[in-house]
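Notes to accompany the following structure.
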Number of protein chains: 2
Amino acid sequence: MTSSAETEDELDDDLHVFDAPHQVDLGPLPSFPGYLFRQAQIRVYHGLNPIFAPYGIRPTQFGVLIMLKYNPGIRPSEVAAALGLKRANFVPLLDDLRRRGLAETLPRPEDRRSRAIYLTKEGLEMMVKVEATVQEYERSIMDRIDPEHTGILAEMVAKLSDT
Amino acid sequence: MTSSAETEDELDDDLHVFDAPHQVDLGPLPSFPGYLFRQAQIRVYHGLNPIFAPYGIRPTQFGVLIMLKYNPGIRPSEVAAALGLKRANFVPLLDDLRRRGLAETLPRPEDRRSRAIYLTKEGLEMMVKVEATVQEYERSIMDRIDPEHTGILAEMVAKLSDT
DNA sequence: TATTGTTATACTCTATAACTATA
DNA sequence: TATAGTTATAGAGTATAACAATA
């Protein structure tokens, strides 16, 4: 390593992803709820990822861990259904959490097909820290978009839910 | 087709993805804008996918085609920046649209590194139809969540943008 | 030196079909 | 017969690093 300065390429690639696009016409997109929800989600997640990174988890895994914390002994299919994941996709996700010692599963005597999932001590300790940080970040988002509007947002989602 | 009934497995797998999760505690998730935006986006996209399916396009490609329709001769990097895509990821996406005869690129005399992208006649004809259908669907979403709230949603996204 | 488009690559998320062991 | 978990697989979406041509 003779301090070669050659391997540093692309120092900052697309840091300007959300720059005001010079003179671009977005057409009808800004009037579409689908576009607006997506843009909002992208922006919030961009702020969320650096928070999760130190813990080596992703938004989806955070959702799973929250489910485990608030529903000890929950079944895999229940976690998947609650978060809108396919059962099949939940398998490797849970495997990863178990391998990292954050979650564990126990047999379920009354139904030997199923499993009861729990957060481990390590998993719970991690979640206490992560949840506090996420809570803080989400609050900063709420402050930005006006707390009253957060209620309206929840209302919108509810209305999109009932069939 | 001797009416074999064996190959029909998993007739409906997770059609109940968004059922009311029996007794599951979502913890603090419903109070997080990040969670709410994501749930909203998932629900809207689930309605959007069947609309795009007949045309063989996906939401991201629709966004690109909209950009091309309203910005004839736009550059690849501009499309990517406007939609929050990485330049590198835009390449195969544009290749696909060209291969299917929906878009074409022309050299750009003033900057020979770049390209000018246009919708083809076929691309434009398709977009006229798709855009009308999407417009109709997005309106049905707006009706559900209350038109006034759509304005608030746009406001929220705008507030998440500046910085 | 910096930028545009490009290649290569990898990881996450999502989706479908089909298998197993139980019920 | 139906359900819970599982395996295998494939396609999008997203991310980073590095290169050639051009500015």
Side-chain angles (χ1 to χ4, degrees), chain A residues 4-17 19 38 41-42 45-46 48-50 52-53 56-64 74-81 83-98 105-117, chain B residues 4-17 38 41-42 45-46 48-50 52-53 56-64 74-81 83-96 98 105-117:
Chain A
S4 83
E6 289 176 312
T7 44
E8 277 107 79
D9 198 340
E10 205 81 356
L11 291 171
D12 64 327
D13 183 6
D14 299 64
L15 291 181
H16 38 316
V17 168
D19 274 6
R38 177 170 155 73
Q41 203 228 308
I42 289 177
Y45 269 47
H46 266 257
L48 226 32
N49 283 325
F52 288 138
I57 61 174
R58 310 248 324 157
T60 307
Q61 288 180 313
F62 174 74
V64 172
I74 194 172
R75 313 160 77 155
S77 55
E78 288 176 327
V79 178
L83 295 175
L85 307 171
K86 299 280 178 186
R87 293 193 326 253
N89 295 330
F90 181 66
V91 177
L93 216 157
L94 177 58
D95 284 347
D96 182 56
L97 296 177
R98 290 207 295 167
T105 67
L106 294 178
R108 195 175 265 285
E110 76 278 15
D111 185 344
R112 289 166 49 206
R113 292 173 303 182
S114 192
R115 293 240 148 217
I117 323 175
Chain B
S4 84
E6 288 176 310
T7 43
E8 278 106 78
D9 199 341
E10 205 82 355
L11 291 170
D12 64 329
D13 184 5
D14 301 63
L15 290 181
H16 37 316
V17 169
R38 176 169 156 73
Q41 203 227 306
I42 289 176
Y45 269 47
H46 266 258
L48 227 34
N49 283 326
F52 289 137
I57 61 174
R58 308 251 324 160
T60 307
Q61 286 179 313
F62 174 74
V64 171
I74 194 172
R75 314 161 76 154
S77 55
E78 288 175 325
V79 177
L83 296 175
L85 307 172
K86 299 280 177 185
R87 293 194 325 257
N89 295 330
F90 182 67
V91 177
L93 215 157
L94 178 58
D95 284 346
D96 182 55
R98 290 207 295 168
T105 66
L106 295 177
R108 193 175 266 287
E110 77 277 15
D111 186 345
R112 289 165 51 208
R113 293 173 301 181
S114 193
R115 292 241 148 215
I117 323 176

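By convention in this document, chain letters (A, B, ...) are assigned in the order of the sequence lines, proteins followed by strands, and residues within each chain are numbered from 1.
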Side chain of B:R75 (C-beta onward), nearest among D:dG5, D:dT14, C:dG5: C:dG5
With hydrogens left out and only the distance checked, is there a donor-acceptor pair under 3.5 Å joining A:R115's side chain and the base of D:dG5? no
Could you pull out all residues at least two apart from B:P59 that satisfy side chain to side chain contact (heavy atoms under 4.5 Å, CB included)? B:Y45, B:N49, B:F52
Just how far, in rounded Å, is P of D:dT16 from CZ of B:F90? 19 Å
Grab the CZ-C1' distance between B:R87 and D:dA20 for me, whole Å please. 13 Å
Start at the 5' end of DNA chain D and walk down; is the nucleotide closest to A:P76 or to B:P109 reached first? A:P76
Roughly how many Å is it from CZ in B:R108 to C1' in D:dA21, rounded to a whole number? 16 Å
Separation of A:L48 atom CG from C:dT12 atom C1', in whole Å? 15 Å
Are OP1 or OP2 of C:dT16 and a side-chain N or O of A:K86 less than 4.0 angstrom apart? yes
Rounded to the nearest 0.5 Å, what's the gap from NE2 on B:H46 to CD on B:Q41? Could you check? 10.0 Å
Hey, which of these two, B:D95 or B:R38, hits DNA chain C nearer its 5' end, going by closest nucleotide? B:D95
Closest nucleotide among D:dT7, D:dT16, C:dG5 to the B:S114 side chain: C:dG5
List, with names and distances, any nitrogen or oxygen atoms from the protein found under 3.5 Å away from nitrogen or oxygen atoms belonging to nucleotides 8-12 of chain D.
residue	atom	partner	partner atom	Å
D:dA12	O3'	B:R58	NE	3.2

Just how far, in rounded Å, is C1' of C:dC11 from CD1 of A:I57? 16 Å
Tell me the interatomic distance from B:L85, atom CG, to C:dG5, atom C1', rounded to whole angstroms. 15 Å
With sequence neighbours left out, what residues match A:R112 under salt bridge (Lys or Arg N to Asp or Glu O under 4.0 Å)? none
Between the side-chain atoms of A:R113 and the base atoms of D:dT3, is any donor-acceptor pair under 3.5 Å? yes
In chain order, what residues pass the side chain to side chain contact (heavy atoms under 4.5 Å, CB included) check against B:N89, with sequence neighbours excluded? B:K86
Residues at least two apart in sequence or cross-chain that pass side chain to side chain contact (heavy atoms under 4.5 Å, CB included) with A:D96, listed by chain then number, are A:Q61, A:R99, A:R100
Can you measure from CD1 (A:I117) to CG (A:L97) and round to the nearest 0.5 angstrom? 9.0 Å
Tell me: OH of B:Y45 to C1' of C:dT14, nearest whole Å? 14 Å
Please list, chain by chain and in numerical order, all residues satisfying salt bridge (Lys or Arg N to Asp or Glu O under 4.0 Å) with A:R75, sequence neighbours excluded. A:D111
In terms of side-chain heavy atoms of A:R112, which of C:dA23, D:dA4, D:dA23 is nearest? C:dA23
Check this one for me: any side-chain N or O of B:S77 less than 4.0 Å away from OP1 or OP2 of C:dG5? yes
Interatomic distance where CD belongs to B:E110 and P belongs to D:dA23 [whole Å]: 10 Å
